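Everything on this sheet refers to the single structure shown next.
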Amino acid sequence: MRVVTTAQTQELDVQPTPLALLLLGREADPKSERGVECPGDLPSPSDPDLVERARKAKEKLGDKVFVLGHHYQRDEVIQFADVTGDSFKLARDAAARPEAEYIVFCGVHFMAESADILTSDDQKVVLPDLAAGCSMADMATAEQVAECWDVLTEAGIAEQVVPVSYMNSSADIKAFTGKHGGTICTSSNAKRALDWAFEQGEKVLFLPDQHLGRNTAVRDMGMSLDDCVVYNPHKPNGGLTADELRAAKMILWRGHCSVHGRFSLDSVNDVRERIPGVNVLVHPECKHEVVAAADYVGSTEYIIKALEAAPAGSKWAIGTELNLVRRLANRFAPEGKEIVFLDKTVCFCSTMNRIDLPHLVWALESLAEGNLVNRIEVDKETEAFAKLALERMLALP
């Protein structure tokens, strides 16, 4: 590993980004909720009574608590979830339980924000560990997106552009989308969202995952790769000329999922050599060349349903988060279905895995004792515009 000193950085005329400085510990973000300390002491992860403690706290809370578990959570946490699913399904499930005073979201920060937006003011959303963020969501900040809109305005095309933001985005980005006439999408309905957007305008600004935007446009809508450009927020004018922006149909934000972005064409070719007759099934957050080489492509829910319908004896290589793949492999092994992780390299979602049993126990016990902890609360103005964008998605045909 080559270490670049401050002097070398100046010599190369490379300016560290605010995020880089934050990661290096040289700057602080006073507005960030991504702390690693809890007000109280966490139980030891080796405590053999953790499962029983979680069970008792949840039992004491009764109908006052509703625990949501994202598919990518580890099994030790999932066992306490009242419902499991992807981020949007879970947020809607929470809204459908108005009698629950506390929504404990075992997921990541943007998911808890979405749950707070969709639930009533009387309900309180809790994230067991505030450090459970999402690298993709963090790749698009409100300031960066506002600057991008200024670039589009200067290029004379802002009025033609409709923003479409992936569910995996912060409340601020969802609010920007709502304020500028756009909609939210999931990996399941991205094509419907883009069809709607192109009825409203001539171009789409797709945030924050470039791969889902590109794969949907090219694979599902028949566009070419030349119709897509990538806006890099770390370069002047996004690294694009005004002519390039005017010629593009899809302006893709330079963001990606750290888990799905690891899969490569070599991963696909390697697994086909190792397992003859294997079906390659990947998430549309994967790179375009991976999606193009796969047999099947779909959302997390699609992946689960495809494996449920798969015949006994079939072989599958899955390109998505490892906790889910391992759970599916164990679930369908008795049916004679062979399910493997697409890549040889083990890759969990590191931030999702911050929600572990000690944090869940701490959150549940705190609530059972009447102490509200780690509440996720979106301010009213942001909530109003974000909800507008979400409602446009819900109204899609």
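This is a predicted model, so every value here is computed, not measured.
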So, taking the atom named CG in N232 and the one named CZ in R254, what distance separates them when rounded to the nearest 0.5 Å? 4.5 Å

Check whether any side-chain heavy atom of M167 sits under 4.5 Å from a side-chain heavy atom of K174, and report yes or no. yes

Go through the side-chain N and O atoms of T84 and H71 and say whether any donor and acceptor fall under 3.5 Å apart. no

Indicate the ring-plane relationship of F176 and W149, choosing parallel, tilted or perpendicular according to the 30° and 60° boundaries. perpendicular

Of all residues at least two apart in sequence or in a different chain, which pass the side chain to side chain donor-acceptor pair (under 3.5 Å) check with T351? none

Is the backbone N or O of I157 less than 3.5 Å from a side-chain atom of R246, with the two atoms forming a donor-acceptor pair by type? no

Around K249, counting heavy atoms of other residues, nucleotides and ligands shown, do more than 12 lie under 6.0 Å from its NZ? no

Could you see if L252 belongs to whatever hydrophobic cluster contains V164? Use Ile, Leu, Val, Met, Phe, Trp, Tyr and a side-chain cutoff under 4.5 Å. yes

Which pair of heavy atoms, one from V340 and one from I275, lies closest together, and at what distance? CG2-CD1, 3.8 Å

Hey, does the side chain of D227 reach the backbone of A248 with a donor-acceptor pair shorter than 3.5 angstrom? no

Has the side chain of D129 got a donor or acceptor atom that lies under 3.5 Å from a matching backbone atom of I355? no

Under a 3.5 Å distance rule, please check whether D49 uses its side chain to pair with a backbone N or O of E52 as donor and acceptor. no

Got a second to check how far C286's SG is from L342's CG, nearest 0.5 Å? 7.0 Å

Sequence neighbours excluded - salt bridge (Lys or Arg N to Asp or Glu O under 4.0 Å) pairs with any residue from residues 324-335: D75-R327, E308-R331, E335-K337

Pairs flagged by side-chain hydrogen bond (donor to acceptor under 3.5 Å, both in side chains) wherever residues 175-184 is involved - sequence neighbours left out: S165-T177

Near K315 NZ, under 6.0 Å, is it more than 12 heavy atoms from other residues, nucleotides or ligands? yes

Between R74 (side chain only) and N323 (backbone N and O only), is there a donor and an acceptor less than 3.5 Å apart? no

Rounded to the nearest 0.5 Å, how far apart are NE2 of H288 and CG of L265? 11.0 Å

Within the 4.5 Å heavy-atom criterion, are H109 and C134 side-chain neighbours or not? no

Nearest heavy-atom pair of P358 and L50: which atoms, and what distance? CG-CD1, 4.0 Å

Among the clusters formed by ILVMFWY side chains lying less than 4.5 Å apart, do Y166 and M221 turn up in the same one? yes

Does W253 share a hydrophobic cluster with I173, counting links as ILVMFWY side-chain heavy atoms below 4.5 Å and allowing steps through other members? yes

Below 4.5 Å, heavy atoms only, C-beta onward: do F110 and S169 meet side chain to side chain? no

Derivation and outcome, side chain to side chain contact (heavy atoms under 4.5 Å, CB included), residues K380 and D121: CA-CA 10 Å; K380 292 302 177 186; D121 292 342; 2.8 Å; yes

Stepwise side chain to side chain contact (heavy atoms under 4.5 Å, CB included) test for E113 and T382: CA-CA 11 Å; E113 285 183 330; T382 301; over 6 Å; no

Give a yes-or-no answer on whether the side chains of T300 and Y72 include a donor-acceptor pair shorter than 3.5 Å. yes

Side chain of D220, backbone of K191: donor and acceptor closer than 3.5 Å? no

Between M111 and M352, is there a side-chain heavy-atom distance shorter than 4.5 Å? yes

Enclosure of D63 CG (heavy-atom neighbours >12, cutoff 6.0 Å): no

Using atom types as modelled and distance alone, determine if a side-chain donor or acceptor of E321 lies under 3.5 Å from a backbone N or O of C349. yes

Is D116 reaching over with its side chain to a backbone N or O of V378, donor-acceptor style, under 3.5 angstrom? yes

So, are E59 and R55 salt-bridged, with charged N and O less than 4.0 Å apart? yes

Please round to the nearest 0.5 Å and tell me the distance separating atom OG1 of T186 and atom CZ of R192. 7.0 Å

Taken in chain and number order and not counting sequence neighbours, the residues that satisfy side chain to side chain donor-acceptor pair (under 3.5 Å) with D356 are H359

In sequence, state the C-alpha distance, the side-chain angles, and the governing distance for L307 and I318, and then conclude on side chain to side chain contact (heavy atoms under 4.5 Å, CB included). CA-CA 10 Å; L307 294 176; I318 311 299; 4.2 Å; yes

In terms of hydrophobic clusters joined by side-chain contacts under 4.5 Å, are L396 and L390 together? yes

Side chains of T141 and D172: closer than 4.5 Å at any heavy-atom pair? no

Would a distance-only check, ignoring hydrogens and angles, find a side-chain to backbone donor-acceptor pair under 3.5 Å from N279 to D295? no

Does some side-chain heavy atom of Y302 sit less than 4.5 Å from a side-chain heavy atom of S188? no

Salt-bridge test for D266 and K344: reply yes if a basic N is under 4.0 Å from a carboxylate O, no otherwise. no

Under 4.5 Å between any side-chain heavy atoms of T320 and H260, yes or no? yes

Return yes when atom CD of Q79 has more than 12 non-hydrogen atoms of other residues, nucleotides or ligands closer than 6.0 Å, and no otherwise. yes

Centre-to-centre under 6.0 Å for F332 and W316, is that the case here? no

Is the F341 ring parallel, tilted or perpendicular to the F263 ring (thresholds 30°, 60°)? perpendicular

Hey, are D150 and T153 close enough side-chain-wise for a donor-acceptor pair under 3.5 Å? no

Ring pair (Phe, Tyr, Trp, His ring centres under 6.0 Å) contacts touching residues 190-217 (sequence neighbours left out): none

Side-chain heavy-atom pair N168, L212 within 4.5 angstrom cut-off: no

Could you pull out every donor-acceptor pair under 3.5 Å between side chains of residues 96-108 and any protein atom, sequence neighbours left out?
{"residue": "R97", "atom": "NE", "partner": "E99", "partner atom": "OE2", "Å": "2.6"}

Do the side chain of E154 and the main chain of V151 share a donor and acceptor less than 3.5 angstrom apart? no

Using side chain to side chain contact (heavy atoms under 4.5 Å, CB included), reason through L205 and C148 one step at a time and then give a plain yes or no. CA-CA 10 Å; L205 171 63; C148 172; 4.1 Å; yes

Looking at R272, I'd like to know if its CZ atom is crowded, meaning that more than 12 non-hydrogen atoms belonging to other residues, nucleotides or ligands lie closer than 6.0 Å. yes

Rounded to the nearest 0.5 Å, what separates atom CG in N215 from atom NZ in K287? 12.0 Å

For the student: nearest non-hydrogen atoms of G201 and V162, plus distance: N-CG2, 3.8 Å

For the residue pair V77 and L357, what are the closest heavy atoms and their distance? CG2-N, 4.0 Å

I117 to A171 - nearest heavy-atom pair and separation: CD1-CB, 4.2 Å

State plainly whether one hydrophobic cluster holds both L324 and V278, where clusters connect Ile, Leu, Val, Met, Phe, Trp and Tyr through side-chain heavy atoms under 4.5 angstrom apart. yes

Which heavy atom in T216 sits nearest to a heavy atom in A190, and how many Å separate them? OG1-CB, 3.6 Å

Rounded to the nearest 0.5 Å, what's the gap from NZ on K124 to CD on E377? Could you check? 9.0 Å

